[in-house]
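Notes to accompany the following structure.
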Amino acid sequence: GVAGWLMKRLGESYADWGPPGALTRALRPHMMGDLLFNSRVAGALRRASDLLSRHGIEVAALKGAALTDSLYGDAGVRSTGDLDILVAQDKGYEAMEILTADGATPWDEATAGRPDVMNLFCRHLPPLKYCGVRVEIHTKLWRELSGEVLIDNAMSHTARCGETLRLDNEAMLAHLCAHAHTHHALDGHISLKWLIDIALLLRQDMSLLERSERQFPNTRADVEWAARMCMSLLPASDRDRLARTGRKATPLTAKSLRGNREPQAWRSVRRAWAALRFAWKQGDGIGGKCSNVVATIRYALSNSESLHPG
């Protein structure tokens, strides 16, 4: 999920001669695949937003659909697996019916005709297949906080698909942390790109951590967990700032990430490190910069100011 971002950041760091050829060959197919799929997700978001707004339903994009443009500024550097949207709590079933009338079909036939089947943890309705994309309609992100409250405070931003709404930064950070922590606690599933999302948000504004905890106290444990996980990825100056608040980093190792099965993040780390190691063996000029993939990501994050400011 972070192949395109690493390629972009290392390419900027080695602007005079570009990223290593072997690294480019290893990562470019992933970046192009992400670009194509993200374009499809953007089209689905635009169509769904326009359609639902005509019926008086406001839509806010969540996770990858919101971050691809607002945080990364490049459609090919952050992969998305589906389209997550947030609507008011009393508009969820209506939104489902409207998209179904526009050609959406149940993603899982087992949930067809059962709109009462709701994911207890992610708070979304049964997923739909819409414009070739899996769409999850959320009505709540936390038990006590409904969609309309978050949408009232949402911010508008210009994306490839036009003007869209997304959560404000405090809510975005709280949601990303709660989402990652929940998946890790349930089954050990955690994507490396989720930690990069959180780390990039913190790099933009370290005070966001405290503001998010104050605004959404019910997610404090999630935010604390994510902060400790992300500390290993942050440059030394940011790690020191977090350490002064009493936080201790959780090293990103197979043991710290492990749940009931090998976590996706650790598989991503191993694949990315294998690609980097292969590139360095070819003598393409990057050897010796980083000793492992976590250090590589930290190196890429250390000069993230050139990323789109969101």
Side-chain angles (χ1 to χ4, degrees), residues 34-71 75 78-168 171-172 174-176 178-179 182-183 197:
D34 291 341
L35 176 61
L36 292 173
F37 187 76
N38 287 352
S39 297
R40 183 183 297 179
V41 171
L45 174 60
R46 178 75 279 152
R47 180 167 172 172
S49 296
D50 288 346
L51 179 61
L52 294 175
S53 66
R54 291 199 295 270
H55 289 80
I57 301 177
E58 283 193 291
V59 173
L62 301 173
K63 298 192 304 186
L67 295 172
T68 299
D69 290 297
S70 66
L71 187 62
R78 201 277 189 189
S79 67
T80 55
D82 54 18
L83 171 59
D84 294 88
I85 59 176
L86 178 70
V87 302
Q89 187 174 1
D90 61 348
K91 298 292 185 179
Y93 297 145
E94 182 182 352
M96 247 186 112
E97 293 172 357
I98 292 169
L99 294 185
T100 299
D102 193 43
T105 57
W107 184 267
D108 182 1
E109 290 298 331
T111 64
R114 299 180 60 195
D116 58 312
V117 178
M118 224 177 163
N119 186 301
L120 177 62
F121 299 100
C122 297
R123 310 300 296 176
H124 62 73
L125 297 172
L128 300 172
K129 184 176 183 180
Y130 184 66
C131 300
V133 174
R134 177 187 168 106
V135 177
E136 295 180 354
I137 302 173
H138 297 249
T139 59
K140 281 188 176 184
L141 298 185
W142 305 284
R143 187 177 300 276
E144 299 83 0
L145 202 56
S146 59
E148 57 264 35
V149 175
L150 293 166
I151 289 176
D152 285 344
N153 295 316
M155 55 193 297
S156 175
H157 79 284
T158 303
R160 286 165 295 120
C161 60
E163 287 289 325
T164 62
L165 287 176
R166 74 168 182 88
L167 301 180
D168 61 32
M172 179 74 76
H175 178 227
L176 292 173
H179 175 259
T182 297
H183 278 281
D197 294 341

Original post:
Does the side chain of R47 come within less than 4.5 Å of D102's, by heavy atoms?
Top reply: yes
Original post:
If you draw a 6.0 Å radius around CD in E58, do more than 12 non-hydrogen atoms from other residues or ligands fall strictly inside?
Top reply: no
Original post:
For the atom pair CG (L45) and OG1 (T68), what is the distance rounded to the nearest 0.5 Å?
Top reply: 10.0 Å
Subject >> Counterpart residues, side-chain contact (heavy atoms from CB on, under 4.5 Å), relative to E97 (two or more places apart) >> reply: none
Original post:
Rounded to the nearest 0.5 Å, what separation is found between the CG atom of L35 and the OG atom of S79?
Top reply: 12.5 Å
Subject >> Residue list, side-chain contact (heavy atoms from CB on, under 4.5 Å) with D50, at least two apart or on another chain >> reply: R46, R54
Subject >> Gap between atom NE2 of H124 and atom CG of D82 - 0.5 Å precision >> reply: 8.0 Å
Original post:
For the residue pair A88 and I151, what are the closest heavy atoms and their distance?
Top reply: N-CD1, 3.9 Å
Subject >> Minimum heavy-atom distance between V135 and Y130, given as atom pair plus value >> reply: CG2-CB, 3.8 Å
Subject >> Parallel, tilted or perpendicular, as decided by the 30° and 60° cut-offs, for the rings of H179 and H175 >> reply: tilted
**OP:** Measure the OG1-NZ distance between T105 and K129 for me, rounded to the nearest 0.5 Å.
**Re:** 6.5 Å
**OP:** Mind listing the closest non-hydrogen atom pair of L83 and A65 along with its distance?
**Re:** CD1-CB, 3.6 Å
**OP:** Working to the nearest 0.5 Å, report the span between CG of L51 and CD1 of I57.
**Re:** 8.5 Å
Subject >> Distance-minimising heavy-atom pair for L150 and A171 >> reply: CD2-CB, 3.9 Å
Original post:
If you take all heavy atoms of A66 and M172, which pair is closest and at what distance?
Top reply: CB-CE, 3.8 Å
**OP:** Walk me through it: do L62 and L141 pass the test side-chain contact (heavy atoms from CB on, under 4.5 Å)?
**Re:** CA-CA 10 Å; L62 301 173; L141 298 185; 3.9 Å; yes
Subject >> Working for salt bridge (charged side-chain N to carboxylate O under 4.0 Å, His left out), residues D197 and R78 >> reply: CA-CA 9 Å; D197 294 341; R78 201 277 189 189; 2.4 Å; yes
**OP:** Only one of V59, I137, L165, L167 passes side-chain contact (heavy atoms from CB on, under 4.5 Å) with L86; say which it is.
**Re:** L167
Original post:
From M155 CE over to T164 OG1, what is the distance, rounded to the nearest 0.5 angstrom?
Top reply: 10.5 Å
